[in-house]
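Structure first, commentary second.
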Amino acid sequence: MKKRELPAYYPVFLNISGRECVVVGGGQVAFRKVKVLLEHGAVVEVVSPNVCPELNQLAESGQIRVLQRSYRVGDLQDVVIAIAATDDSNTNLEVVKEARRKAILVNVVDDAENSDFIAPSYMRRGDVTIAVSTGGRSPALARKIRTRLEKDFGDEYASLAVLLDEVRAEVKRQGIKVNSDAWQETLDLGLLSDLVAKGNSEEAKVILLSNLKTRQG
């Protein structure tokens with residue numbers, strides 16, 4: 001049997017904070033999609049004749065808007081992302097058609113062929129986000145890999161990202177000229193993350209800055 005050809009997805013992180021996003025569908029799948037959108041600061045509207053208790057609770061608390069009716073053409077006005085999460089393929093395809101006409105990024109749950117993007121399995125430690133995708137072939141494998149990574153990357157990486165940002169600002173302030181290769185050679189993640197985890201962030205900062213100075217030029 002010929003292997004199904006899938007697109008080579010372009011990995012990108014989108015800033016959707018304060019942007020309008022629409023989820024068409026009101027079940028548990030839609031709820032999971034809504035939760036992720038809210039976690040990233042989106043303004044979310046749900047369109048569905050019926051909504052699950054969890055979505056209803058979000059609506060009552062003012063976290064989302066709900067249009068409790070079937071999807072209509074025009075519901076995607078001024079949105080940046082549309083997600084079709086109904087169990088009706090015809091409705092999902094109507095959402096796709098409108099999204100394509102309006103150049104809106106659209107995702108159809110469990111239908112990569114009709115989606116502009118697919119959602120990876122991801123983990124977050126502060127500003128550090130690690131996303132895993134199998135191009136739609138096996139979400140279970142992506143989740144398994146993410147679960148393994150979660151064991152290796154603790155909360156200290158959130159603090160380490162902040163520390164590195166501070167060091168980068170100090171490097172610029174002092175006029176230290178280092179290229180990307182020097183940064184990579186200097187970033188001893190084992191040592192630095194261990195120091196940060198033990199509360200020795202200042203020591204980590206001094207070591208990193210000192211090592212960068214030796215590699216300038």
Side-chain angles (χ1 to χ4, degrees), residues 8-21 23 31-44 58 63-64 80-81 83 105 107 115-217:
Y9 289 97
Y10 175 60
V12 62
F13 287 88
L14 290 176
N15 177 10
I16 59 172
S17 180
R19 308 290 296 277
E20 297 275 349
C21 298
V23 176
F31 171 61
R32 289 197 294 272
K33 298 298 181 181
V34 167
K35 278 204 308 180
V36 174
L37 291 171
L38 289 176
E39 287 169 7
H40 294 85
V43 177
V44 182
L58 289 175
Q63 296 180 65
I64 64 173
V80 64
I81 284 177
I83 297 177
L105 292 173
N107 169 261
S115 299
D116 293 323
F117 69 95
I118 55 176
S121 184
Y122 73 95
M123 55 167 284
R124 172 169 289 160
R125 299 289 184 264
D127 293 317
V128 178
T129 302
I130 300 174
V132 181
S133 172
T134 58
R137 290 198 183 278
S138 177
L141 176 59
R143 182 180 177 184
K144 194 72 173 180
I145 294 171
R146 185 212 73 207
T147 301
R148 179 176 294 183
L149 290 171
E150 285 177 332
K151 299 175 183 177
D152 297 329
F153 293 87
D155 292 335
E156 65 272 15
Y157 280 86
S159 301
L160 184 57
V162 175
L163 183 147
L164 289 172
D165 185 48
E166 292 172 352
V167 170
R168 188 173 66 163
E170 183 63 18
V171 164
K172 291 180 179 179
R173 190 187 70 80
Q174 294 188 25
I176 301 171
K177 303 296 183 182
V178 287
N179 58 31
S180 59
D181 290 336
W183 271 100
Q184 289 300 304
E185 293 167 5
T186 305
L187 285 178
D188 185 338
L189 291 182
L191 172 64
L192 295 172
S193 62
D194 187 55
L195 286 170
V196 170
K198 292 177 179 177
N200 299 322
S201 294
E202 287 304 315
E203 182 181 349
K205 196 180 297 186
V206 169
I207 291 172
L208 182 55
L209 195 56
S210 174
N211 289 339
L212 286 169
K213 286 179 179 179
T214 64
R215 289 172 171 79
Q216 67 179 314

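The residues of the chain are indexed from 1 along the displayed sequence. Every value quoted in this text rests on a predicted model; they were computed, and no experiment measured them.
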Quick one: pull up [atom1] in [X] and [atom2] in [Y] and give me the separation to the nearest 0.5 Å.
{"X": "Leu38", "Y": "Cys21", "atom1": "CG", "atom2": "SG", "answer": "9.5 Å"}
{"X": "Leu187", "Y": "Leu192", "atom1": "CG", "atom2": "CG", "answer": "6.5 Å"}
{"X": "Leu195", "Y": "Ile207", "atom1": "CG", "atom2": "CD1", "answer": "5.0 Å"}
{"X": "Ser193", "Y": "Arg125", "atom1": "OG", "atom2": "CZ", "answer": "13.0 Å"}
{"X": "Gln184", "Y": "Leu189", "atom1": "CD", "atom2": "CG", "answer": "8.5 Å"}
{"X": "Thr129", "Y": "Arg124", "atom1": "OG1", "atom2": "CZ", "answer": "4.0 Å"}

Task: Non-hydrogen side-chain atoms of Ser201 and Val196 separated by less than 4.5 Å - done: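 Yes, close enough: below the 4.5 Å cut-off.
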Task: Ile130 side chain reached by Phe153 side chain, heavy atoms, under 4.5 Å - done: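 Yes, their side chains come closer than 4.5 Å.
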Task: Main-chain N/O of Phe117 paired with Asn107 side-chain donor or acceptor, under 3.5 Å - done: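 Confirmed, Asn107 side chain pairs with Phe117 backbone.
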Open item on the list: So does Thr186 get a backbone contact from the side chain of Arg215, meaning a donor-acceptor N/O pair under 3.5 Å?
Closed with: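 Checking the backbone N and O of Thr186 against the side chain of Arg215, no donor-acceptor pair under 3.5 Å is found.
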- [ ] State, to 0.1 Å, how close Pro139 and Thr134 come at their nearest heavy-atom pair, and which atoms those are.
- [x]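 Heavy-atom minimum between the residues: N-OG1, 4.0 Å.
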Task: Closest contact, heavy atoms only, Gly135 versus Tyr9 - done: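 Scanning both residues completely, I find the closest heavy atoms to be O-CE1, 3.7 Å.
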Open item on the list: Quick one, Ile64 with Val23, criterion side-chain contact (heavy atoms from CB on, under 4.5 Å). Give me CA distance, side-chain angles, the key distance, then yes/no.
Closed with: CA-CA 10 Å; Ile64 64 173; Val23 176; over 6 Å; no
In this structure, are over 12 heavy atoms from other groups packed under 6.0 Å from [X] atom [atom1]?
{"X": "Lys35", "atom1": "NZ", "answer": "no"}
{"X": "Asp194", "atom1": "CG", "answer": "yes"}
{"X": "Arg19", "atom1": "CZ", "answer": "no"}

TODO: Given side-chain contact (heavy atoms from CB on, under 4.5 Å), test Asp127 with Tyr157 step by step and report yes or no.
DONE: CA-CA 9 Å; Asp127 293 317; Tyr157 280 86; over 6 Å; no
Checking [X] now: which residues fulfil salt bridge (charged side-chain N to carboxylate O under 4.0 Å, His left out) with it, not counting sequence neighbours?
{"X": "Glu156", "answer": "none"}
{"X": "Arg148", "answer": "none"}
{"X": "Glu203", "answer": "none"}

- [ ] State plainly whether the residues Arg146 and Glu150 are in salt-bridge range, i.e. N to O under 4.0 Å.
- [x]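 So Arg146 pairs with Glu150 through a salt bridge.
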TODO: Give the intermediate values and the outcome of side-chain contact (heavy atoms from CB on, under 4.5 Å) for residues Lys213 and Gln174.
DONE: CA-CA 10 Å; Lys213 286 179 179 179; Gln174 294 188 25; 3.2 Å; yes
- [ ] Evaluate the side-chain contact (heavy atoms from CB on, under 4.5 Å) criterion for residues Val80 and Leu105: first the C-alpha distance (whole Å), next the side-chain angles of each, then the deciding distance (0.1 Å), finally the verdict.
- [x] CA-CA 6 Å; Val80 64; Leu105 292 173; 5.6 Å; no
